[in-house]
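So that the names make sense, note that chain A is the first sequence line, chain B the second, and so on, each numbered from 1.
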Number of protein chains: 2
Amino acid sequence: MTEPTQRLRKAERHERILMELRLRSHLRISDLARDFGVATETIRRDVAELEAGGRVAKAFGGVTPVAPGQRPDVDSRSRDRQKERAEIARQAAALVQPGDTIMLDAGSTAQELARYLSLGGQPVTVLTNSLNVAIILGSSEAASVRLCPGDLLAREAAVTGSETVEFLRRFHVGRAFIGASAISRNGITEAVPGFAAVKRAMMGQCAELVVMADQSKIGRTDTDLVTRFGPGLTLVTEAALPQEIRRALDDGGARVL
Amino acid sequence: MTEPTQRLRKAERHERILMELRLRSHLRISDLARDFGVATETIRRDVAELEAGGRVAKAFGGVTPVAPGQRPDVDSRSRDRQKERAEIARQAAALVQPGDTIMLDAGSTAQELARYLSLGGQPVTVLTNSLNVAIILGSSEAASVRLCPGDLLAREAAVTGSETVEFLRRFHVGRAFIGASAISRNGITEAVPGFAAVKRAMMGQCAELVVMADQSKIGRTDTDLVTRFGPGLTLVTEAALPQEIRRALDDGGARVL
DNA sequence: AGAGACATGTGGCACTTTCCACATTTTCAG
DNA sequence: CTGAAAATGTGGAAAGTGCCACATGTCTCT
């Protein structure tokens with residue numbers, strides 16, 4: 001066994017660091033070393049590993065989260081994607097009118113949109129199942145956030161399950177914004193168990209479903225089908241679409257930005 | 001006019017720092033100085049002012065956003081309290097049996113309890129209205145978390161409102177653990193608007209209400225009454241209680257740890 | 001039990017940051 | 001225009017941090 005045999009100590013420290021980071025946004029290496037009763041070099045090495053995995057960011061003298069409430073996409077490409085996501089989120093944000101009530105699901109693109117709305121001081125009411133979206137929008141004075149109930153999916157910092165779906169059904173909004181984990185000519189599909197049901201629930205309670213997807217999501221298919229293309233669906237993307245997907249969208253009466 | 005006439009430069013820097021912090025979670029003072037074309041001392045002073053206003057937190061070499069749900073306890077005693085809270089949380093955690101389902105409200109002591117349960121790998125199901133508690137317990141494999149719906153109170157990183165209360169009423173648990181913001185002979189009172197209702201709701205749905213309070217909460221009274229002392233109430237505290245509160249507890253049939 | 005891989009501690013040096021006192025510049029009221 | 005207050009810059013000592021090489025410790029597999 002090369003890897004599965006975990007040294008408890010180390011993994012435990014890593015977990016704790018990540019955990020504390022959710023609450024404190026900056027941990028000092030010297031403090032961590034004191035708390036854990038280890039040398040600063042050890043913590044420094046921990047941080048270096050976590051950083052290599054894209055899970056935290058180093059700061060002089062300490063550690064901080066990659067970005068306030070941002071998912072670690074792990075691989076280095078996430079940086080390029082960051083720009084694309086930002087652009088998509090910018091376009092999606094333009095669809096939001098002051099005073100609107102919207103639904104927003106979980107995912108990095110949704111968080112990016114939340115960030116735009118928050119920075120823009122947009123007065124909106126947001127229904128979401130994402131803790132990160134909630135926290136991001138919470139920093140805006142103008143936004144009010146209503147959080148869905150449900151079972152916590154820690155990896156995604158979001159809630160899912162029947163409670164979430166049932167809750168969403170009690171509302172109706174003009175637009176729902178969701179991220180997609182995969183888009184093919186068959187429609188929108190989702191990889192995270194439970195998310196498809198939430199996305200479908202949001203779709204069912206809005207006049208227009210805005211799907212945000214960057215290039216990396218296009219042409220792929222995941223396990224759970226969210227929806228096929230149809231009227232009332234708007235796809236926001238930054239990339240040119242392959243012929244067959246483009247046609248599938250047109251045939252279904254969907255809109256593309 | 002002594003104050004209203006702001007030097008643009010300064011206010012502008014402050015704004016930009018706050019703005020950037022929403023995206024980056026850590027800004028280095030030396031970088032900011034270079035970007036703004038000012039001396040590091042100037043930025044240092046900016047940061048000091050922002051920190052005094054509770055708008056950011058200093059880090060060695062930089063600035064980070066203040067974590068949501070973190071009261072501006074500001075004064076140095078909060079660190080000592082940390083130890084007391086940990087001790088209280090440890091005692092409260094001892095009440096939790098493997099497999100239990102509990103309710104847990106929002107607040108620093110509740111977070112501390114969550115941390116204990118998480119680190120202990122305790123297999124529990126937790127119902128909570130606190131995002132931080134959810135996130136902390138989310139890092140534990142053994143715990144499962146059910147989050148309440150409701151309106152987000154960003155400062156506390158928690159949800160409140162009728163939706164939260166209504167949701168809680170659908171469950172029943174053996175023990176509910178809540179923090180108290182003030183305890184006097186009149187009972188438990190709460191300062192944060194909306195929290196009292198949530199605490200009451202939790203109280204109504206459990207066999208035993210466990211109230212956690214450190215010394216600083218004792219002898220104070222806040223605006224909203226949560227409950228008077230009665231049977232089925234257990235107070236966990238690290239400090240000796242004043243005579244009159246002690247008697248009020250005994251008279252009501254409450255237990256003290 | 002022993003070799004070896006991995007984790008952690010130690011010490012030193014270069015570099016960065018902090019803090020403070022004081023000089024200098026900018027701004028504003030009268 | 002001028003003086004005072006506020007804002008900013010400067011310089012240097014003390015402290016904190018990063019990084020490197022190497023020593024020590026710890027666990028695993030054979």
Side-chain angles (χ1 to χ4, degrees), chain A residues 1-21 24-66 76, chain B residues 1-21 24-67 72 74-76 78-79 82 119 121 139:
Chain A
M1 285 186 259
T2 48
E3 202 265 316
T5 311
Q6 288 279 11
R7 256 37 153 272
L8 283 184
R9 282 312 239 288
K10 192 166 142 185
E12 191 183 345
R13 283 198 311 267
H14 288 199
E15 281 310 314
R16 272 228 27 193
I17 290 173
L18 291 172
M19 186 171 90
E20 296 283 340
L21 267 187
R24 242 165 284 279
S25 94
H26 178 86
L27 303 173
R28 206 152 154 174
I29 286 186
S30 50
D31 289 342
L32 288 169
R34 186 172 40 67
D35 291 351
F36 289 138
V38 297
T40 62
E41 267 303 301
T42 305
I43 302 293
R44 214 178 295 288
R45 282 187 271 245
D46 287 341
V47 170
E49 281 181 43
L50 289 169
E51 192 199 25
R55 316 243 288 162
V56 305
K58 277 198 296 188
F60 195 106
V63 214
T64 72
V66 246
S76 54
Chain B
M1 286 187 259
T2 49
E3 202 266 316
T5 311
Q6 284 282 9
R7 258 37 154 270
L8 281 185
R9 284 309 241 288
K10 192 165 141 186
E12 192 182 345
R13 282 199 310 268
H14 287 199
E15 281 310 314
R16 278 244 347 224
I17 289 172
L18 292 171
M19 206 78 144
E20 295 280 338
L21 269 185
R24 241 161 290 277
S25 96
H26 177 87
L27 302 173
R28 206 154 155 172
I29 287 185
S30 50
D31 290 342
L32 288 169
R34 188 172 37 69
D35 291 351
F36 289 138
V38 298
T40 62
E41 267 303 303
T42 304
I43 302 293
R44 214 179 297 288
R45 283 186 269 244
D46 287 342
V47 171
E49 281 179 43
L50 288 168
E51 192 200 25
R55 315 246 287 164
V56 304
K58 276 198 297 188
F60 194 101
V63 213
T64 72
V66 281
V74 181
D75 81 333
S76 55
S78 68
R79 209 183 205 173
Q82 168 65 25
L119 286 176
S139 73

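Between K10(B) atom NZ and dC28(C) atom P the separation is 13 Å, expressed in whole Å. Rounded to whole angstrom, the span from the CZ atom of R13(A) across to the C1' atom of dT8(C) amounts to 8 Å. Between H14(B) atom NE2 and dT8(D) atom P there is a gap of 8 Å when expressed in whole angstrom units. The distance between atom CG of L50(A) and atom P of dA7(C), rounded to the nearest whole Å, is 13 Å. Whole-Å rounding puts the D46(B) CG to dT8(D) C1' distance at 10 Å. One interatomic measurement links the two molecules: NZ of K58(A) to C1' of dT17(D), which rounds to 11 Å at whole-angstrom precision.
In this structure the side chain of V63(A) reaches within 4.5 angstrom of the side chain of L32(A), judged on heavy atoms. With contacts defined as side-chain heavy-atom distances shorter than 4.5 Å, the pair H14(A)/R55(A) does not qualify. With a 4.5 Å cut-off on side-chain heavy atoms, D31(A) and F60(B) do not count as touching. The shortest distance between side-chain heavy atoms of R16(A) and D35(A) does not fall below 4.5 Å.
A distance of 4.0 Å separates CG in D46(A) from CZ in R13(A), rounded to the nearest 0.5 Å.
Across every non-hydrogen atom of A59(B) and T64(B), the tightest pair is CB-CG2, 4.0 Å. Between L18(B) and L50(B), the shortest heavy-atom distance links the atoms CD1-CD2, 4.3 Å.
Residues from residues 28-35 of chain B placing a heavy atom under 4.0 Å of any atom in DNA chain D do not occur.
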Distances under 3.5 Å only, N/O to N/O: pair up the protein atoms with those of nucleotides 9-13 of chain D.
{"from": "dG9(D)", "atom 1": "OP2", "to": "A39(B)", "atom 2": "N", "distance (Å)": "2.8"}
{"from": "dG9(D)", "atom 1": "OP2", "to": "T42(B)", "atom 2": "OG1", "distance (Å)": "2.2"}
{"from": "dG9(D)", "atom 1": "N7", "to": "R45(B)", "atom 2": "NH2", "distance (Å)": "2.8"}
{"from": "dG9(D)", "atom 1": "O6", "to": "R45(B)", "atom 2": "NH2", "distance (Å)": "3.4"}

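Counting only distance, with no hydrogens or angles, the side chain of T40(B) and the backbone of A33(B) share no donor-acceptor pair below 3.5 Å.
With distances taken from any side-chain atom of F60(A) to the nucleotides dA7(C), dT16(C), dA7(D), the minimum falls on dT16(C).
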